Number of protein chains: 2
Amino acid sequence: MQARTEALTPAARRVLDAAAELFYGRGINAVGVDLIAKRAGVTKKTLYERFGSKEALVAAYLRERDERWRAWLTAEVDKSPPAAPPADRVLATFDALAAWMRRENPRGCGFVNAAAELPDAGHPARQVIADQKRWLRGYLRQLCEDADVAAPDELADELLLLHEGATVLYGLSAVADPVGISRRMALRALERAGAV
Amino acid sequence: MQARTEALTPAARRVLDAAAELFYGRGINAVGVDLIAKRAGVTKKTLYERFGSKEALVAAYLRERDERWRAWLTAEVDKSPPAAPPADRVLATFDALAAWMRRENPRGCGFVNAAAELPDAGHPARQVIADQKRWLRGYLRQLCEDADVAAPDELADELLLLHEGATVLYGLSAVADPVGISRRMALRALERAGAV
DNA sequence: ACTAGACTAAACAGATCGGTATACCCGTCC
DNA sequence: GGACGGGTATACCGATCTGTTTAGTCTAGT
């Protein structure tokens, strides 16, 4: 019922994989549990025994997506050489974002898309979405502090806004290289804050 | 069938109003035509005679929302006194955005939300969404040119990204004053471009 | 050998989906 | 006064929605 990401049964694993692909690719409300079960090679009974409800499955999908994104982002940031200036780590978040978009985010941020489809404040997925954005802002703020900028809170807000703006424009194919634009603006913000 | 905004039948007018409120408030896929017809005090027959299909109704909803936004934005920008520096007109777009969000965009950009729900590239609404973003970028670019900045295209990209970033963060309630953050960054970008 | 857990197969609710059909009412314009 | 357009009311279509039920199989651990 709880279905933590660790220790999923094989069938539950396939359900979550199928759900992730379908929810992200077609939208949450446009995908029924029958289709998910079929794609996973699983009966609805199993799906409901493992996840309890569609709502909970949606939340599990977002939770795992969040975990993957955090792991990817921190790993990419930690690749920058220790000798490099700490501001490079901030810029690395934009390079990580660009690669992430190319690889698994062509339709824009899964969390923003989910929020668009789930207006009900009581939906369990809303909590996951809020956590995701809060974590990212906290992470950016920490990087700013490490770079010894004057006002880390303000800069973190700006960087978060640049991340989100780039992601949504990427999904809309409205401009050629939204992440490049964001990175350029982030660099200027860092310079202004005396971090580079 | 085409249902242009001008010259709508009284019943069609009520249908479009009801559809706008429901589509924006609950999401497009979560709202059925039966509910829209009921809310409008209209039969489904009338709805289908006026709009032809749900797809077309969705497109009409977005088209009208776009018209309202354009009218609002240009009117607000044109309020800035003619004697003021042209860069003020660029900043005025952020003040207009802030007021718009407060008044009728609490759930974020209706176009971004719609795009999240309509992955099918052939959906008639996709065209409306693309047009909306293209128009906004063109408008921002024109304001930049009027302000005699060095690279109006680059600046327009940046401003568009700030608009979108602010809108999505507003919808997620992730930071306190996203439009304020955007406006602040826009001002710096204008200064750097020599427009102020 | 027994059992608990993970699973399949298939039918069944009751509601709602987008869309269509039939039949009728009423005001306006010619 | 007759045609016509805009509208109502109601029923229907097949498909799909989330979720449940009954019945039974297979496998791993003790």
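Nothing here was measured: the structure is a model prediction, and the numbers come from that model.
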Asker: One thing to verify: whether K45(A) and E49(A) come together as a salt bridge, which I'm taking to mean a side-chain N less than 4.0 angstrom from a carboxylate O.
Answerer: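 Looking at E49(A) and K45(A), the cut-off is met.
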
Asker: Can you see whether D146(B) engages Q142(B) through a side-chain donor-acceptor pair at a distance of less than 3.5 angstrom?
Answerer: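 The answer is yes; a qualifying pair exists.
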
Asker: Check this for me: does any side-chain nitrogen of one of R26(B) and D120(A) sit under 4.0 Å from a carboxylate oxygen of the other?
Answerer: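 Between D120(A) and R26(B) there is no salt bridge, as every charged N stays at least 4.0 Å from the carboxylate O atoms.
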
Asker: Does a nitrogen or oxygen in the side chain of R14(B) sit under 4.0 Å from OP1 or OP2 of dG7(D)?
Answerer: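 No.
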
Asker: Provide, to the nearest angstrom, the distance between the CZ atom belonging to R13(B) and the P atom belonging to dG6(D).
Answerer: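 Rounded to the whole Å, the gap is 16 Å.
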
Asker: Any salt bridge between R188(B) and E191(B), counting N to O under 4.0 Å?
Answerer: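 Between E191(B) and R188(B) there is no salt bridge, as every charged N stays at least 4.0 Å from the carboxylate O atoms.
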
Asker: Could you check G41(B) against I28(A) and say which one's nearest nucleotide on DNA chain D is further toward the 5' end?
Answerer: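 It is G41(B) whose nearest nucleotide is closer to the 5' end.
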
Asker: May I ask you to decide whether K133(A) forms a salt bridge with D66(A), counting only side-chain N to carboxylate O separations under 4.0 Å?
Answerer: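 Salt bridge between K133(A) and D66(A), a charged N being under 4.0 Å from a carboxylate O: no.
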
Asker: Can you list every ring pair (Phe, Tyr, Trp, His ring centres under 6.0 Å) pair that touches residues 125-160 of chain A, not counting sequence neighbours?
Answerer: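 Every ring pair (Phe, Tyr, Trp, His ring centres under 6.0 Å) pair that includes a residue of residues 125-160 of chain A, provided the two are not neighbours, is W135(A)-Y139(A).
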
Asker: Taking 4.0 Å as the cut-off, does a side-chain nitrogen or oxygen of T46(B) come that near to OP1 or OP2 on dT8(D)?
Answerer: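 Yes, such a contact exists.
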
Asker: Which word best sums up how the rings of W72(A) and W100(A) line up, parallel for under 30°, tilted for 30 to 60°, or perpendicular for over 60°?
Answerer: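 Ring orientation, 0 to 90° scale: tilted.
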
Asker: If you check the T9(A) side chain, which of dG7(D), dG18(C), dC7(C) turns out closest?
Answerer: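 The listed nucleotide nearest to T9(A)'s side chain is dC7(C).
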
Asker: Tabulate protein N/O versus nucleotide N/O from nucleotides 20-29 of chain C, keeping only pairs under 3.5 Å, one per line.
Answerer:
none

Asker: Are any protein N/O atoms closer than 3.5 Å to N/O atoms in nucleotides 25-30 of chain D? If there are, list each pair with its distance.
Answerer:
none

Asker: Answer yes when E164(A) and R137(A) have at least one side-chain N-carboxylate O distance shorter than 4.0 Å, and no when they do not.
Answerer: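 No, this pair does not count.
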
Asker: Which nucleotide in the set dC7(C), dG7(D), dG18(C) lies at the smallest distance from any side-chain heavy atom of D34(B)?
Answerer: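 Given the options dC7(C), dG7(D), dG18(C), the side chain of D34(B) is closest to dG18(C).
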
